[in-house]
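Okay, structure first, notes after.
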2 protein chains.
Amino acid sequence: MGLRADYVTRPREWIASILAREPRFLSAAQIHQGLERDGARVSLSTVYRTLDRLQAKGDITVRPDADGEVTYMLCEPRHHHHHAICRTCGRVEDVDCAAMEQFAESLRAHNGFELDGHAIEFFGKCGACR
Amino acid sequence: MGLRADYVTRPREWIASILAREPRFLSAAQIHQGLERDGARVSLSTVYRTLDRLQAKGDITVRPDADGEVTYMLCEPRHHHHHAICRTCGRVEDVDCAAMEQFAESLRAHNGFELDGHAIEFFGKCGACR
DNA sequence: GGGATTTTGCGAATGGTTCGCAAATGAGGT
DNA sequence: ACCTCATTTGCGAACCATTCGCAAAATCCC
Ligand SMILES: [Zn+2]
Ligand SMILES: [Zn+2]
Ligand SMILES: [Zn+2]
Ligand SMILES: [Zn+2]
């Protein structure tokens with residue numbers, strides 16, 4: 001009955017390596033294309049299943065983009081922080097800001113709302129795209 | 001050749017009235033269900049087309065939820081502000097905060113990023129759900 | 001009311017994501 | 001290395017939200 005340990009498989013390693021070298025949110029299709037470019041033949045189903053696994057493990061952040069396309073990035077949402085996203089190339093950098101927490105704290109009780117969390121995204125241009 | 005003025009139609013009025021009385025983000029399907037409950041027979045296509053129109057006019061805010069389902073709310077994104085969203089019932093209230101702008105300003109140049117915008121969502125429980 | 005134009009409903013097409021199942025792979029023991 | 005068996009993969013079908021094409025209905029204006 002007991003479950004064995006998770007298997008280490010090539011598709012999973014390949015997918016992880018794609019994510020590891022891209023500092024931006026990628027869709028399942030983009031990851032799949034990256035694998036093909038690397039000559040790694042992996043089905044789209046496996047890409048989706050692996051992404052689900054990574055999300056369950058808390059290793060990636062999932063973000064539906066403006067059109068509702070779901071995108072993924074290697075970044076542990078475990079540690080609360082925010083992102084600066086380049087409008088031009090999509091590069092993402094973490095923004096870790098105590099000042100923001102302070103601000104959120106001051107809003108904790110707003111309009112009858114009992115606030116317990118927040119999400120922030122900053123937009124702009126990264127150093128390379130300026 | 002010139003375009004005539006936009007038509008005022010019942011489907012559009014019905015859809016607008018659904019949106020006007022719901023202070024929360026609704027999916028196209030939810031709006032469609034609301035119309036049926038009101039006895040208003042409108043096709044889902046028309047719901048989508050009307051939402052596209054409202055978005056083009058800048059009358060609604062469009063927000064893909066965590067699963068990527070696109071949702072809509074009567075709220076002009078023209079005036080920059082943020083939202084407090086009840087985790088329990090979905091009720092949304094506007095958060096208009098100069099302090100946040102100040103904070104964003106101090107981050108304008110972060111890690112080589114030239115920041116020019118930001119989006120914030122606050123979560124918690126509304127007065128009714130406490 | 002009549003006619004030009006816009007809007008609607010319907011059903012088909014699309015695109016992203018999920019499922020079911022047989023074949024392939026990985027881990028562990030011999 | 002080989003065998004065994006649970007896990008994972010690939011494939012195609014299924015699914016769901018959204019978009020399209022086009023004929024019929026509604027709106028506006030005279
Ligand atoms: Zn950039
Ligand atoms: Zn991050
Ligand atoms: Zn509530
Ligand atoms: Zn608002």
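In what follows, chains are A, B, ... by sequence order, proteins preceding strands, each numbered from 1.
- When every heavy atom of A:I85 is checked against every heavy atom of A:V92, the shortest pair comes out as CG1-CG2, 4.1 Å.
- Listed by residue number, the members of residues 13-26 of chain A with any heavy atom below 4.0 angstrom from DNA chain D form an empty set.
- Remark: side-chain polar atoms of B:R10 are not paired, donor with acceptor, to backbone N or O of B:A40 under 3.5 angstrom.
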| Residues B:D6, B:R53; criterion salt bridge (charged side-chain N to carboxylate O under 4.0 Å, His left out); working and verdict | CA-CA 10 Å; B:D6 283 339; B:R53 246 174 61 91; 3.0 Å; yes
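- Summarising the geometry of B:V70 relative to A:D67, their closest heavy-atom pair is CG2-O, 4.0 Å, with the distance given to 0.1 Å.
- A single hydrophobic cluster is seen to contain both B:L35 and B:L26, as judged by linkage of ILVMFWY side chains at heavy-atom distances under 4.5 Å, directly or through other members.
- Helix-axis bend for the helix from C:dG1-D:dC30 to C:dT30-D:dA1: the local axis fitted to the five terminal pairs at one end deviates from that at the other end by 40°, rounded to 10°.
- Between A:C75 and A:T61, the shortest heavy-atom distance links the atoms O-OG1, 2.8 Å.
- Listed by first and then second residue, the ring pair (Phe, Tyr, Trp, His ring centres under 6.0 Å) pairs that reach into residues 16-44 of chain B are B:F25-B:H83, sequence neighbours excluded.
- Looking at every heavy atom in both residues, A:P77 comes nearest to A:G58 through CD-O, 3.5 Å.
- Spacing between atom OH of B:Y7 and atom P of D:dT27 amounts to 10 Å, rounded to whole angstrom units.
- Atom CZ in A:R12 sits about 6 Å away from atom C1' in D:dT8, given to the nearest Å.
- Looking at A:R87 and B:D116, a side-chain N of the basic residue comes within less than 4.0 Å of a carboxylate O on the acidic one, giving a salt bridge.
- DNA chain C is contacted by B:V42, B:S43, B:S45, B:T46, B:R49 of residues 42-70 of chain B, taking any non-hydrogen atom closer than 4.0 Å.
- Proximity of B:T9 to the phosphate of C:dT6: no side-chain N or O atom is located under 4.0 Å from OP1 or OP2.
- When each of B:A28 and B:P11 is assigned the nucleotide of DNA chain D bearing its nearest heavy atom, the one mapping closer to the 5' terminus is B:A28.
- Between the P atom of C:dG15 and the NE2 atom of A:H32 lies a distance of 17 Å, rounded to the nearest Å.
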Please output the side-chain donor-acceptor pairs of residues 17-24 of chain B that fall under 3.5 Å, not counting sequence neighbours, one pair per line with the distance.
residue : atom : partner : partner atom : Å
B:S17   : OG   : B:W14   : O            : 3.1
B:R21   : NH1  : B:D38   : OD2          : 3.3
B:R21   : NH2  : B:D38   : OD1          : 3.1
B:R21   : NH2  : B:D38   : OD2          : 2.7
B:E22   : OE1  : B:R24   : NE           : 3.0
B:R24   : NH1  : B:C89   : O            : 3.0

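- By the salt bridge (charged side-chain N to carboxylate O under 4.0 Å, His left out) test, B:E36 pairs with no residue at all, sequence neighbours left out.
- Residue B:R10 has a polar side-chain atom (N or O) positioned under 4.0 Å from OP1 or OP2 of D:dT27.
- The distance from atom CG of A:D6 to atom C1' of D:dT7 is 9 Å, rounded to the nearest whole Å.
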